[in-house]
Amino acid sequence: MYKNKRENTFIPSEINTEDYTAVYYVGGHGTVWDLPDNAELQEITRKIYENNGVVGAVCHGPSGLVNIKLSNGKYLVAGKKVNSFTNEEEIEMKLENIVPFLIETTMIERGAKWEGSGSWQPHVTVDQRLVTGQNPFSAKGVGEAILKELQQL
C-alpha cells in the first residue's frame, strides 16, 4: 500500500484540498530553495488552513511557510508563535552564507512571534492550528502535536 502511494505521488494540481485536514512540511536544507516560492503549495496550504485545518512543519520545513498569505493578505505566520531551525544552528553548520535566507530571521520579518530552545534541543510550538518544530529532534513532538490538534477539530 505505501509503496504504491510513494510510486504514485500526487502533483500539487491533483490535490483537492477538501479531502485534507492537515498539511505537513518536512525538513532538509533543500526545502529552503524548493518551498518558499511554490505558489501551488502556498495555495494548498492556505486553503487547508482556512478550512479549519492544521499546518505543521519541522526543522527547515517552516521555510515553506514564510511566504504563505491568507485571504486577508496577512502572512500565515504573522502574530503566531512559531519556531524552526535556528539561526544559531545554521551558523554552527557553517551554512548561514549558503542558504538563501535564515528561516528564523524571515519568520520574524513576517511578523511571527519566533521562539526556540538551545541548539539541537527539541522544541515544538503550537499556535492557532499551526505546529512548528525546531530541528530533527522535534519531529516526533510535532507529529504528536499535529495529532492532538486534529483530535480537537
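For the numbers below, each heavy atom of this structure counts, side chains included, while hydrogens, waters and symmetry mates do not.
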Looking at every non-hydrogen atom in both residues, tell me the closest pair between Pro122 and Ser138 and how far apart they are. CA-OG, 3.4 Å

Verify whether one side chain among Asn8 and Asn4 offers a donor that lies under 3.5 Å from an acceptor in the other. yes

For Ser117 and His123, the nearest pair of non-hydrogen atoms, with its separation, is OG-ND1, 2.5 Å

Do Trp114 and Thr86 have side chains that approach each other closer than 4.5 Å (heavy atoms only, starting at C-beta)? yes

Of all heavy-atom pairs between Ala145 and Val131, which one has the smallest distance, and what is that distance? CB-CG1, 3.7 Å

Which heavy-atom pair separates Thr45 from Leu76 by the least distance, and what is that distance? CG2-CD2, 4.5 Å

Asn83 side chain to Gln134 main-chain N or O, any donor-acceptor pair under 3.5 Å? yes

Between Glu14 and Ile11, is there a donor-acceptor pair closer than 3.5 Å when you use the side chain of the first and the backbone of the second? yes

Can you tell me how far CD of Glu115 sits from CD of Glu104, rounded to the nearest 0.5 angstrom? 11.5 Å

Answer yes if Leu130 and Tyr75 sit in the same cluster of Ile, Leu, Val, Met, Phe, Trp and Tyr residues linked by side chain heavy atoms under 4.5 Å apart, and no otherwise. yes

What's the spacing between Ser84 OG and Glu89 CD if we round to 0.5 Å? 8.5 Å

Quick one: pull up CG in Leu102 and CD1 in Ile108 and give me the separation to the nearest 0.5 Å. 10.0 Å

Shared hydrophobic cluster, Val77 / Val99 (ILVMFWY, side-chain heavy atoms < 4.5 Å): yes

Report the distance from atom CD1 of Ile48 to atom CZ of Arg129, rounding to the nearest 0.5 Å. 11.5 Å

Assess whether ring pair (Phe, Tyr, Trp, His ring centres under 6.0 Å) is satisfied between Trp120 and Phe85, documenting all intermediate values. CA-CA 9 Å; Trp120 313 110; Phe85 203 68; 5.5 Å; yes

Which atoms form the tightest heavy-atom contact between Tyr25 and Leu35, and what is the distance? CD2-CD1, 3.4 Å

Determine whether Tyr24 and Ile15 fall in the same hydrophobic cluster, where Ile, Leu, Val, Met, Phe, Trp and Tyr are linked whenever their side-chain heavy atoms lie under 4.5 Å apart. no

Please assess Asn38 against Gln42 for the test side-chain contact (heavy atoms from CB on, under 4.5 Å), listing each intermediate value before the final yes or no. CA-CA 6 Å; Asn38 188 311; Gln42 290 173 14; 5.7 Å; no

Those residues that, when tested against Ser119, pass side-chain hydrogen bond (donor to acceptor under 3.5 Å, both in side chains) (two or more places apart): Glu88, Glu92

Search all heavy atoms of Leu41 against all heavy atoms of Pro12 and return the closest pair with its distance. CD2-CG, 4.0 Å

Leu95 reachable from Val32 in the ILVMFWY side-chain graph, under 4.5 Å edges: yes

Rounded to the nearest 0.5 Å, what's the gap from CE on Met107 to CG on Asn87? Could you check? 11.5 Å

Could you give all pairs that pass the side-chain hydrogen bond (donor to acceptor under 3.5 Å, both in side chains) test and reach residues 140-153, with sequence neighbours left out? none

Identify all side-chain donor-acceptor contacts of residues 56-70 below 3.5 Å with residues at least two apart in sequence or on another chain.
| residue | atom | partner | partner atom | Å |
| --- | --- | --- | --- | --- |
| His60 | NE2 | His29 | NE2 | 3.2 |
| His60 | NE2 | Glu90 | OE1 | 2.8 |
| Ser63 | OG | Thr31 | O | 3.2 |
| Ser63 | OG | Thr31 | OG1 | 3.2 |
| Ser63 | OG | His60 | O | 2.7 |
| Asn67 | OD1 | Arg110 | NH2 | 2.7 |
| Asn67 | ND2 | Pro36 | O | 3.0 |
| Asn67 | ND2 | Asp37 | OD1 | 3.2 |

So, taking the atom named CG in Asn51 and the one named OH in Tyr20, what distance separates them when rounded to the nearest 0.5 Å? 14.0 Å

Would you say Ile146 ends up clustered with Val26 if hydrophobic residues are merged whenever their side chains have heavy atoms under 4.5 Å apart, either directly or through other cluster members? yes

